2 protein chains.
Amino acid sequence: MRQIAAEVGVQAGALYLYTPDKETMLVDLLRDHMDELIKAWDAAEPPAGPVERLDSFVRFHIAFNLDHADAVFLSYMELRNLGPENFAVIEGLRRDYENRLESILKAGQGGGFFAVPDTKLATMAIIAMLNGVNTWYREGGRLGRAAVGDIYWDMVRKAVAV
Amino acid sequence: MRQIAAEVGVQAGALYLYTPDKETMLVDLLRDHMDELIKAWDAAEPPAGPVERLDSFVRFHIAFNLDHADAVFLSYMELRNLGPENFAVIEGLRRDYENRLESILKAGQGGGFFAVPDTKLATMAIIAMLNGVNTWYREGGRLGRAAVGDIYWDMVRKAVAV
DNA sequence: ACAGTATATGAACAAACGTTCAGAACAATC
DNA sequence: GATTGTTCTGAACGTTTGTTCATATACTGT
């Protein structure tokens, strides 16, 4: 709390004008992040076909995560430091988001566009794979964001192809 | 340290007979884990062809991570709490392991078995995807380990296919 | 100018932290 | 059974932790 206060340029006690305690501050941050993520995807209005929608999702997810690297990092590192009820809230939002990906996969599977052995596992696999970008991507590195999006989309596309 | 001591059934001070300080204890744990991981893979003697080797790697990685879930969790959660030099050591070992996967991909790429846009990114993508299993897999769940291995291998195989 | 509200300080609190150390308990050796 | 070396305890240390609160400062509308 003292570190956060210093970063904001304030004394530690002043933070308690804005949050009842530390865990609430964290859970608010994580909830805001997840809300923003879901809202941003829902507002993206991706194209109609399952393949195009999956393409959109891959690029959206990578771009959003890189644009919110700190929040993503917190979400995955500090989630376990939440109490059970707060944990459940954030995990629920995460599942909401994952379900949007699974819906795409299911639709594509039903329409014969995809051939995934298990849509739930494919969802988890794709999300984990995309999240991995944040661990190694550095701005100004060998590949730009667009190139990374292309490469990952190529792998995802083939992974779920018939 | 007091929690660890209690778990072992000892007083906190007694731990300092075995480790000079907390960070050394952590880095020793992580180094042992990585050493064991690399040694286990090197001892696995996978088959000759790139496709078969990649198959072996996918199943090996999933199985090993599930058998060492606690150590894997620590490796990814506590890595950032290491000092720069210790961090570099563990990261180096991790890269050693990742390079073994990339070697398979390069060999398969050269031989025309795989068609990955970028072997480095494919390495990171596959590792991240496989690591994800630990976040959701529960013993006695819907799918057994063998089934999970089959499903993930199917996705990886297609993702890198020509 | 003044009252009222919102915002900040900085000192204090108890608890938890990593770590140290004198001494007790234990085990092995002669 | 005394000696020596190893292992552990339990209390203590100095810091850091999250949080509270009396008090001060800054802002807003009349």
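Predicted model only: the values in this text are computed from it and were never measured.
On the nucleic acid side, DNA chain C has its first and last nucleotide under 4.0 Å of a heavy atom of chain B at C:dC17 to C:dT20, going 5' to 3'.
Applying the 6.0 Å contact sphere to CD of B:Q3 captures no more than 12 heavy atoms from other residues, nucleotides or ligands. No more than 12 heavy atoms of other residues, nucleotides or ligands lie within 6.0 Å of CD in A:E7, so this atom counts as exposed by the packing criterion.
Using the six-membered ring where Trp is involved, B:F57 and B:W41 have ring planes that are perpendicular, over 60° apart on the 30 and 60° scheme. Ring pair A:Y152/A:W136 is parallel by interplanar angle, where below 30° counts as parallel and above 60° as perpendicular.
The two residues B:A69 and B:N134 make their nearest non-hydrogen contact at CA-ND2, 3.7 Å. Shown here for B:E98 and B:T123, the closest heavy-atom pair between the two residues is O-CG2, 3.5 Å.
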Could you go through residues 155-162 of chain B and list every donor-acceptor pair under 3.5 Å that involves a side-chain atom there, pairing it with any protein atom two or more places apart or in another chain?
from, atom 1, to, atom 2, distance (Å)
B:R157, NH2, B:D154, OD1, 2.5
B:K158, NZ, A:A115, O, 2.8
B:K158, NZ, A:A159, O, 3.2
B:K158, NZ, A:A161, O, 2.8

| query | What string of B, S and - do you get for nucleotides 9-25 of chain D, 5' to 3', when a contact is any protein heavy atom under 4.0 Å? | reply | BB-B----BBBB-----
